[in-house]
Asker: 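After the structure tokens below, expect a handful of questions from me.
Keep in mind that the numbers below use all heavy atoms, side chains included, and drop hydrogens, waters and symmetry copies. Every chain is numbered from 1 and lettered A, B, ... according to where its sequence line falls, protein lines coming before strand lines.
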There are 2 protein chains.
Amino acid sequence: MLMKASTENLRKQNRGLILSALRRLGSVSHTELSQWTSLSSATVSTITTELEKEGILLREEQAPSAGRGRPRVKFRQNPNCAFVAIVRITSEMVQYSLVDYAGTLKDRFEEKRPPAETDIDTFSNRLKNDIQRLIERSELQPEQILTVSITTKGLVASGKPELLWSPVFEDKTMNFEDLLRPILPAQIRLTNDTQFAAQSIAEQRAAKLGGFSNRKLATLSLSHSIGLGIATEEANGKISSFAPPFGHMMHDPNGPLCRCGAHGCIESIAGFYGILRTAFEVDDDVVPAKFIPLKEIENIAVRARNGDHQSEYAFRKAGEALGIGLGRLLTLLGPMPIAITGHGTLFYDLMQTSILEGIQNTLQVRRNKMPEVSFHTDEGHLIFNGNVQSCLSDLDSNIISEQNGTKWKFN
Amino acid sequence: MLMKASTENLRKQNRGLILSALRRLGSVSHTELSQWTSLSSATVSTITTELEKEGILLREEQAPSAGRGRPRVKFRQNPNCAFVAIVRITSEMVQYSLVDYAGTLKDRFEEKRPPAETDIDTFSNRLKNDIQRLIERSELQPEQILTVSITTKGLVASGKPELLWSPVFEDKTMNFEDLLRPILPAQIRLTNDTQFAAQSIAEQRAAKLGGFSNRKLATLSLSHSIGLGIATEEANGKISSFAPPFGHMMHDPNGPLCRCGAHGCIESIAGFYGILRTAFEVDDDVVPAKFIPLKEIENIAVRARNGDHQSEYAFRKAGEALGIGLGRLLTLLGPMPIAITGHGTLFYDLMQTSILEGIQNTLQVRRNKMPEVSFHTDEGHLIFNGNVQSCLSDLDSNIISEQNGTKWKFN
DNA sequence: AACATTTTTTCGACTGTCGAGAAAATTAAT
DNA sequence: ATTAATTTTCTCGACAGTCGAAAAAATGTT
């Protein structure tokens, strides 16, 4: 059912516009705000004074005048009006960061994960304690942290912060809401990490090109497991994203056993353990070890580059699974540029031919041109940045609804 | 870039709300409008009088009074304020319909397509003449027909009404805008037919359940070729849809030659010609005839049901391609109910096991429950209705923008 | 100190929605 | 027939929001 429009919503939307301009442009003057939002100067005035009174915005007195005339006063977010905790879970470590409302990193530490740990309770208790520590170190009141946003590999439930399936813990689920509610009242978010990598890359492009014409972008993360995120530019200019379990899309019904219990998933062939399996001709019904040192795959790559047939074949087969999978993706969602991240980019030379061949084998691609393929080595940063951006714009959305709310009174 | 909100947009949105209420509820009184839209009675008054003045709305005098009190006056769309031509192209015929703004069918005729006609110019000229005829029979001015909306099988360009690839004309493209511009000034739309089948089924469900909780629905059309439409319920309650070329998604890279020139497309195995190919063990590099009488497939089905192994195998293989393809779809877009239409539903018993097996083989489906599978034999109606609905709400959207426009002055 | 220039705020006009009461149109009762 | 009751629709004044233009503010220049 469509919603009716009221003058109240109208104001909300324009408040949101101001907030998003601030988010994108950093520190902005009244006039710039007016130009960017195309709101009249008068409206900008009323909204900014309102937000200032609510403690969300700060006027930055500006000293360096660049010419004659009244100097501009710049607005910026009040950094202390809210904080978010950003947790990034990787296979090797967990990274805890505290970020303020203006987006600046206030604190960070990392904890190595003990190798081969598969007990979920041990893991989650340590995670809880580490978040507790992050709060204590900050000397903030727990209520001042409005969001805890966690990224992980694996399949995430929609609507609630629950991990449904992950390479390490497999079918043992984990609800972060239940875990963290006792220690702080924040909103808990859980998101697939590659989704935020995609979001981040898409936002970079949109900022550079002023809206990325292509409307969609896929990000493929190559590593122990295979991740995929898809970012879409909506009609209103917002970029939304999602992360299907691409690694567990069926490639070959007669393929090898995957960690997920099915046969022939893309990951079972193109994940690091899949490559290792093919290289060492491990039996199809055996899943290789959960933790494979990167060094091991590098060795296979060296052998492949030196002409070892079986090693070459392992990478080629991986590329084939990825390429055909991407081709299927493009068939269903239309052609879009593809960004590749993760340690697996190191071995792209060995997979390139078969990946591109798979993509090429798509009706729309054959009819038009090959989609652009790009590489991004800073996966960790991308995920972190994507998470922060998404978190803070979420906060912005909450703020615009809470007009005159008493919630934002930290200063 | 987000759009600023103005009082003008505000009014537009509420005009749209009134129009969509009218579209859904048919003939509605002032009070009902107010309740349904949750706009105040005063606002409904101003908007309805405005729309009435513009000739878009009619007051329906006379109401069978159901008790004491002032009788309600009902509003309805002015049927004559606009007309649309609906063209439905199937492999056997082309159906031409004229529909008024209130959605009632004013005229309809069908023209059989000569069998085995593959010349695109002959076809398009006949189409043009037939539309010309539809206009002349109506005795309307060409300007009164605001939209010509065509449905077809095949791959349709986005943004312009161009057929990019179709089973019959293959790579010979066809731009309906160029074709029809000389004879009328209407907006020309071209859409894949299964997309509207999906749209129509989704709208039925939404109406019945008051918004279909599942948010997505896939419709599979089984016939000479394979079509797929996906309908999504957006946050605002609108249902949007698209139609990827699912039939040409790669099933098996070593599979048989498809009409599209690739090998192993789903359609090359599960389309009628694919089933025939397997049943008669036609060579993988040969594409069977373009026009296969339904009778032929029915014969294979009879043999299969009587236990003929090769015939059984043909349907089983088709089901496998469809099921695994649907599984891949669900992996990428999440679990959703599946509706099946087209003549191929007649043979569902022969494919059911392998279709369901393929769907079942999906991480999210294994973790939850099997998506609902339903059947719809009235494909033609679904496509027509979906097209009409989509056309008319499009018109509504144009109307709300053209406030005080002089465009709507037919009465 | 007066003037020029640029930025920001303020003011009045305009558009839109809403609530409440007035007006309209009908049935039921006298 | 007239009046009362009832229900629906319209109208009017209040309020919220945006906009353009003019006023005010803050600084540099002469």
Asker: May I ask you to establish whether A:Arg23 and A:Tyr101 are in a cation-pi arrangement, using a distance under 6.0 Å from NZ or CZ to the six-membered ring centre and at most 45° from the ring axis?
Answerer: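 Yes, cation above the ring, under 6.0 Å and within 45°.
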Asker: Name the closest nucleotide to the A:Arg70 side chain, picking from D:dT18, C:dT6, D:dG17.
Answerer: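 So the side chain of A:Arg70 is nearest to C:dT6.
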Asker: Would you say A:Arg11 reaches D:dA16's phosphate, i.e. side-chain N/O to OP1/OP2 under 4.0 Å?
Answerer: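 Indeed not, no polar side-chain atom of A:Arg11 lies that close.
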Asker: May I have the distance from A:Gln13 (atom CD) to D:dT18 (atom P), rounded to whole angstrom?
Answerer: 10 Å
Asker: Please tell me if the side chains of A:Leu382 and A:Gln204 come closer than 4.5 Å, counting only heavy atoms from C-beta onward.
Answerer: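 In short, these two side chains touch, coming nearer than 4.5 Å.
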Asker: Given axes from five pairs at either end, by how many degrees does the helix from C:dA1-D:dT30 to C:dT30-D:dA1 bend, rounded to 10°?
Answerer: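 End-to-end axis angle: 30°.
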Asker: Can you give me the N/O atom pairs linking the protein to nucleotides 28-30 of chain C at distances under 3.5 Å, or say none if there are none?
Answerer:
from, atom 1, to, atom 2, distance (Å)
C:dA28, O4', B:Arg68, NH2, 2.3

Asker: By nearest atom, which of the nucleotides D:dG20, D:dT11, D:dT18 is closest to the A:Asn14 side chain?
Answerer: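 Selected nucleotide: D:dT18.
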Asker: Using side chain to side chain contact (heavy atoms under 4.5 Å, CB included), reason through B:Lys238 and B:Ser393 one step at a time and then give a plain yes or no.
Answerer: CA-CA 10 Å; B:Lys238 262 195 181 154; B:Ser393 5; 5.8 Å; no
Asker: OP1 or OP2 of C:dT17 less than 4.0 angstrom from a side-chain nitrogen or oxygen of B:Ser40, does that happen here?
Answerer: no
Asker: Closest-nucleotide mapping onto DNA chain D: is A:Ala42 or B:Glu32 further toward the 5' terminus? I mean the 5' end.
Answerer: B:Glu32
Asker: Taking CD from A:Glu50 and C1' from C:dT10, how many angstroms apart are they, rounded to a whole number?
Answerer: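 Atom CD in A:Glu50 sits about 17 Å away from atom C1' in C:dT10.
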Asker: Just by distance, do the side chain of B:Arg24 and the backbone of B:Leu19 share a donor-acceptor pair under 3.5 Å?
Answerer: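 Between the backbone of B:Leu19 and the side chain of B:Arg24 there is no qualifying donor-acceptor contact (under 3.5 Å).
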Asker: With a 4.0 Å cut-off on heavy atoms, is A:Thr49 in touch with a base, just the backbone sugar-phosphate, or nothing at all?
Answerer: nothing
Asker: Can you tell me if the side-chain N/O atoms of A:Thr31 get under 4.0 Å from OP1 or OP2 in C:dT8?
Answerer: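 So the side-chain polar atoms of A:Thr31 do come within 4.0 Å of the phosphate oxygens OP1 or OP2 of C:dT8, strictly under.
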Asker: Taking the minimum atom-to-atom distance to the side chain of B:Leu39, which one of D:dC19, C:dT8, C:dC18 wins?
Answerer: C:dC18
Asker: With nearest nucleotide decided by heavy atoms, which residue, A:Thr46 or A:Lys4, maps closer to the 5′ end of DNA chain C?
Answerer: A:Thr46
Asker: Looking only at side-chain N and O atoms, does A:Asn387 offer a donor or acceptor that is under 3.5 Å from a partner on A:Ser149?
Answerer: yes
Asker: Rounded to whole angstrom units, what separation is found between the NZ atom of B:Lys12 and the P atom of C:dT15?
Answerer: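 Rounded to whole Å, this separation is 15 Å.
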Asker: Starting from P on D:dT9, measure out to CD on B:Gln35 and report it in whole angstrom.
Answerer: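 My rounded result for the distance is 10 Å.
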Asker: Would you name the heavy atoms of B:Leu395 and B:Ala82 that are closest together and state the gap between them?
Answerer: CD1-CB, 3.9 Å
Asker: Grab the CG-P distance between B:Asn9 and D:dG17 for me, whole Å please.
Answerer: 16 Å
Asker: CD1 of B:Ile18 versus C1' of D:dT9: gap in Å, rounded?
Answerer: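 The distance from CD1 of B:Ile18 to C1' of D:dT9 comes to 14 Å, rounded to the nearest Å.
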Asker: If you only use heavy atoms from C-beta on, which nucleotide in D:dT18, C:dT26, D:dG20 is closest to the side chain of B:Pro71?
Answerer: C:dT26
Asker: Classify the nucleic acid contact of B:His30 as base, sugar-phosphate or nothing, counting any heavy atom under 4.0 Å across all strands shown.
Answerer: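 The residue B:His30 makes sugar-phosphate contact but no base contact.
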Asker: Between A:Ser29 and A:Thr7, which has a closest nucleotide on DNA chain C that is more 5'?
Answerer: A:Ser29
Asker: Does the distance from a Lys or Arg side-chain N to an Asp or Glu carboxylate O, for B:Glu54 and B:Arg15, drop under 4.0 Å?
Answerer: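 Here B:Glu54 pairs with B:Arg15 in a salt bridge, since their nearest N and O are under 4.0 Å apart.
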Asker: Are a donor atom and an acceptor atom from the side chains of A:Gln199 and A:Gln195 found within less than 3.5 Å of each other?
Answerer: no
Asker: So which atom in B:Met336 and which in B:Lys216 form the shortest heavy-atom distance, rounded to 0.1 Å?
Answerer: CB-O, 3.7 Å
Asker: Between D:dC10, C:dT7, D:dT18, which nucleotide has the shortest distance from any of its atoms to the side chain of A:Leu10?
Answerer: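 Between D:dC10, C:dT7, D:dT18, the one nearest the side chain of A:Leu10 would be D:dT18.
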Asker: Among all residues two or more places apart in sequence or in another chain, which pass the side chain to side chain donor-acceptor pair (under 3.5 Å) test with A:Glu139?
Answerer: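 Scan of A:Glu139 (side chain to side chain donor-acceptor pair (under 3.5 Å), adjacent residues dropped) gives none.
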Asker: Determine the contact category for A:Ser6: base if any of its heavy atoms lies under 4.0 Å from a base atom, sugar-phosphate if only primed atoms, P, OP1 or OP2 are that close, otherwise nothing.
Answerer: nothing
Asker: Any side-chain N or O of B:Arg59 less than 4.0 Å from the OP1 or OP2 oxygen of D:dC10?
Answerer: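 The answer is yes; a side-chain N or O of B:Arg59 sits under 4.0 Å from OP1 or OP2.
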